[in-house]
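Only one structure is covered here, and it is reproduced in the block below.
Note on naming: letters A, B, ... go to the chains in the order of the sequence lines (proteins, then strands), and numbering restarts at 1 for each one.
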Amino acid sequence: MIPYRYEHTTFARQIQENWATLDAGAETADEVSVAGRVMLLRVQGKLAFATLRDSSGEVQLFALSAVTGEFDEFSHLHLGDWIGARGVVVRTKRGEISVKVASWVRLAEARHNFGDKWAGISDFDVRYRHREADLWANPDSRDSLQRRFAVLQAIRRRCWDQGFVEVETPILNAIATGAAARPFVTHHNALDSEFFLRIAPELWLKRLVVGGFERVFELGRVFRNEGVSPRHNPEFTMLELYAAYWNVADMMDFTEALVSAVALDVLGTTDTTYQERSFSFAAPWPRRSMADLTSHALGEDVSVHTPREHLAQLLDDRGVAVHESWGAGRCLAELFEATCEQDLWDPIFVTDFPVEVSPLARRRADDPELTERFEAYAAGRELANGFSELNDPDDQRTRFEEQARLAAAGDDEAMAIDEDYIRALEWGLPPTAGLGVGVDRLAMLIADESNIREIIAFPTLKPLPGAGAV
RNA sequence: GCGCCGAUAGCUCAAUUGGCAGAGCAUUUGACUCUUAAUCAACCGGUUCCGGGUUCGAGUCCCGGUCGGCGCACCA
């Protein structure tokens with residue numbers, strides 16, 4: 001009979017560490033009980049050796065017919081079975097730290113095997129659809145996921161330490177706003193209303209600042225109805241954080257400190273490698289304006305004040321289709337993406353985004369066509385986005401109206417006008433800076449993974465035919 | 001959404017030009033008192049992803065579909 005609980009005293013790694021100096025062939029009187037899965041089994045007549053793995057690591061179990069209860073059953077365990085075993089710590093003649101099993105009990109049966117004991121499970125479909133088996137069969141899978149969870153913990157610790165309150169905001173929204181993306185649609189039966197799954201918590205969080213929460217963060221799932229790729233999962237985790245009285249420069253300081261602290265927490269260093277290329281999270285990160293970087297890449301000076309038609313021509317030269325609704329700002333941003341983005345390896349802040357592509361960011365005092373906004377890039381991709389928040393309700397209305405014009409012109413990712421949010425700004429939002437970090441992207445960098453699915457416990461997969469019907 | 005590639009035993013993988021579908025591991029059985037992916041022996045194990053087609057004959061060639069990987073597009 002399978003017991004309802006098990007008295008577990010010691011982890012595998014503790015045994016390896018605490019008895020590290022034990023001599024080969026030596027036997028202690030120290031009794032421990034361990035629990036985990038049987039990963040390997042080597043039966044040799046009246047002796048049997050099992051490799052037990054728990055969350056901390058592995059330890060060998062040493063069973064003898066003369067010592068171990070139910071020895072015959074022990075030697076017939078299946079790979080993958082959970083067992084608990086009690087006995088004294090010994091080191092075998094061949095030098096392996098072991099628990100000499102006096103008594104043991106099966107805690108769960110593994111009816112399916114965990115793949116080839118050397119090669120594990122490599123089929124992506126099996127690995128992602130049965131991640132629980134993948135995590136046991138492939139230690140690398142568990143390591144990467146552990147790093148992802150450690151990233152979450154490190155982010156929370158850092159935010160708490162800086163006086164931010166962790167909050168929650170609605171996932172079901174009457175309008176999907178706060179970012180440029182296509183939403184998922186769902187339906188509430190009793191209210192007989194359409195809802196959109198949030199694409200960003202941004203506007204709710206700023207409403208909390210209006211309400212008096214001066215420093216808030218939310219570490220939450222957002223949903224975007226877009227293509228799936230090695231860098232995109234339909235639901236992903238975003239850190240959003242708002243600090244009253246800060247501006248964009250304060251937020252850049254915070255961002256580089258946060259990310260390098262997370263790397264230090266999880267990896268023990270800020271200098272690592274990503275995809276076999278050296279990579280450093282170390283602060284400070286360079287700060288360069290979008291116009292500067294783009295001009296440098298192009299070999300000619302461009303800015304948001306360059307005639308729109310010239311920027312459009314430069315885009316056309318590079319094979320980028322220019323939409324007629326794009327102004328100079330959008331064209332500059334597109335040029336930046338086409339010429340610079342991929343080459344930004346170590347973290348860098350790109351600053352001074354055009355107002356045209358930044359509908360929620362505050363204008364620069366010295367140039368109303370630019371905003372106090374940055375994006376952090378790393379390993380050729382966007383890692384974070386932040387800005388001084390637009391807190392002028394009249395300007396916000398103007399920006400939303402511009403978005404509405406884009407929507408009318410066929411841009412299905414333009415933001416909707418959010419009257420409730422404008423009204424919130426009319427109650428008064430103090431000077432505030434905000435930050436958004438793609439946590440999955442950060443986890444990929446820290447876990448050195450190129451596929452986002454590796455750092456998501458259960459990535460979104462297409463349902464198999466016949467599955468999911470209600 | 002488009003393109004390229006892949007799917008063979010529970011797992012990892014073979015299979016020549018279109019010619020009897022195999023191995024290792026796992027499972028089962030046997031031997032073995034210090035193994036380390038233990039070893040040795042024996043047995044078992046198949047809708048070759050699904051559906052059509054060509055052919056005397058298809059894992060292999062053709063068409064359609066499913067799921068996945070990568071790239072592009074979209075995007076974070």
Side-chain angles (χ1 to χ4, degrees), chain A residues 24-25 27 38-51 58-68 71 75-81 90-98 100 110-130 133-134 136-138 178-183 199-200 221-240 319-321 337 341 375-378 380-385 411-413 436-444 450-454 459 461-467:
Chain A
E27 184 162 333
V38 176
M39 302 307 288
L40 297 168
L41 189 63
R42 299 173 288 280
V43 180
Q44 186 164 334
K46 294 187 169 59
L47 297 181
F49 301 89
T51 301
E58 295 182 348
V59 67
Q60 178 168 274
L61 302 181
F62 179 27
L64 302 85
S65 65
V67 173
T68 304
F71 175 81
S75 63
H76 283 83
L77 281 164
H78 287 182
L79 302 190
D81 283 351
V90 302
R91 191 183 289 276
T92 60
K93 290 177 189 170
R94 292 297 189 86
E96 186 74 27
I97 280 284
S98 306
K100 187 174 171 183
R111 292 192 184 178
H112 309 286
N113 75 22
F114 284 90
D116 186 275
K117 65 188 180 185
W118 187 243
I121 299 173
S122 58
D123 184 275
F124 287 101
D125 215 358
V126 176
R127 288 189 49 226
Y128 295 142
R129 288 187 197 278
H130 290 286
D134 173 45
W136 276 104
N138 302 313
R182 287 197 295 273
I199 57 176
R221 208 69 58 84
V222 297
F223 308 84
R224 298 191 183 176
N225 204 341
E226 290 156 355
V228 176
S229 86
R231 288 162 296 281
H232 300 83
N233 198 62
E235 53 178 297
F236 62 99
T237 300
M238 181 113 89
L239 167 69
E240 283 210 15
V320 179
E337 286 181 23
E341 180 172 356
E375 284 189 352
Y377 284 82
R381 293 194 287 272
E382 185 187 339
L383 177 65
N385 178 22
D411 185 344
D412 56 5
E413 293 181 348
V437 178
V439 172
D440 306 85
R441 294 277 174 83
L442 177 59
M444 288 169 71
S450 62
N451 188 329
I452 195 170
R453 291 179 163 180
E454 295 294 339
L461 297 174
K462 185 157 181 170
L464 294 174

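Across all strands shown, A:H130 has no heavy atoms under 4.0 Å from either base or sugar-phosphate atoms. Nucleic acid contact class of A:F236 (heavy atoms, under 4.0 Å, all strands): base. Using a 4.0 Å heavy-atom cutoff across all strands shown, A:K46 reaches at least one base atom of the nucleic acid. In this structure, A:L461 reaches the sugar-phosphate backbone alone: every heavy-atom distance under 4.0 Å involves primed, P, OP1 or OP2 atoms, never a base. At a threshold of 4.0 angstrom between heavy atoms, the contacts of A:R127 with the nucleic acid are absent.
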Bracket string, RNA chain B, 5' to 3' - pairs by Watson-Crick or G-U geometry under 3.5 Å, | interstrand | (((((((..((((.....[..))))..((((.......))))......(((((..]....))))))))))))....

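Nearer to the 5' terminus of RNA chain B, by closest-nucleotide assignment, is the contact made by A:G95 (compared with the other of A:P234 and A:G95).
Remark: the separation of the C1' atoms in B:G45 and B:G24 is 14 Å, to the nearest Å. The C1' atoms of B:A7 and B:C13 are separated by 13 Å, rounded to the nearest whole Å. Taking atom P on both nucleotides, B:C61 is separated from B:C70 by 25 Å, rounded to a whole Å. The separation of B:G10 from B:C4, taken at their P atoms, amounts to 31 Å, rounded to a whole angstrom.
A heavy-atom distance below 4.5 Å is found between the side chains of A:M444 and A:R381. At a threshold of 4.5 Å between non-hydrogen side-chain atoms, the residues A:Q60 and A:R42 count as touching.
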Distances for protein N/O vs nucleotides 71-73 of chain B N/O pairs under 3.5 angstrom?
none

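For A:E235, the side-chain hydrogen bond (donor to acceptor under 3.5 Å, both in side chains) partners are A:R221, not counting sequence neighbours. Under the side-chain hydrogen bond (donor to acceptor under 3.5 Å, both in side chains) criterion, A:R91 pairs with no residue at all, not counting sequence neighbours. With sequence neighbours excluded, no residue forms a ring-ring contact (aromatic ring centres under 6.0 Å, His included) with A:F236. For A:D440, the side-chain hydrogen bond (donor to acceptor under 3.5 Å, both in side chains) test picks out A:R148, with sequence neighbours left out. Annotation: salt bridge (charged side-chain N to carboxylate O under 4.0 Å, His left out) contacts of A:E337 (sequence neighbours excluded): none. Listed by chain and residue number, nothing satisfies the salt bridge (charged side-chain N to carboxylate O under 4.0 Å, His left out) test with A:K117 (two or more places apart in sequence, or in another chain). Under the side-chain hydrogen bond (donor to acceptor under 3.5 Å, both in side chains) criterion, A:N225 pairs with no residue at all, not counting sequence neighbours. Residues satisfying the side chain to side chain contact (heavy atoms under 4.5 Å, CB included) criterion with A:P459, sequence neighbours excluded, are A:Y128, A:R131, A:N233, A:R453, A:I456.
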Summarise protein proximity over nucleotides 7-15 of chain B in one line of letters, 5' to 3': B for base, S for sugar-phosphate only, - for none, counting protein heavy atoms closer than 4.0 Å.
-> ---BBSS--

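The side chain of A:I452 has B:A76 as its nearest neighbour among B:C32, B:U27, B:A76.
A straight line from CH2 of A:W118 to P of B:G24 spans 18 Å, rounded to a whole angstrom. As a whole-Å value, the separation of A:E454 CD from B:C70 C1' is 14 Å.
Sorted by first and then second residue, the salt bridge (Lys or Arg N to Asp or Glu O under 4.0 Å) pairs with a member in residues 118-127 of chain A read A:D125-A:R129, A:R127-A:D134, A:R127-A:E454; sequence neighbours excluded.
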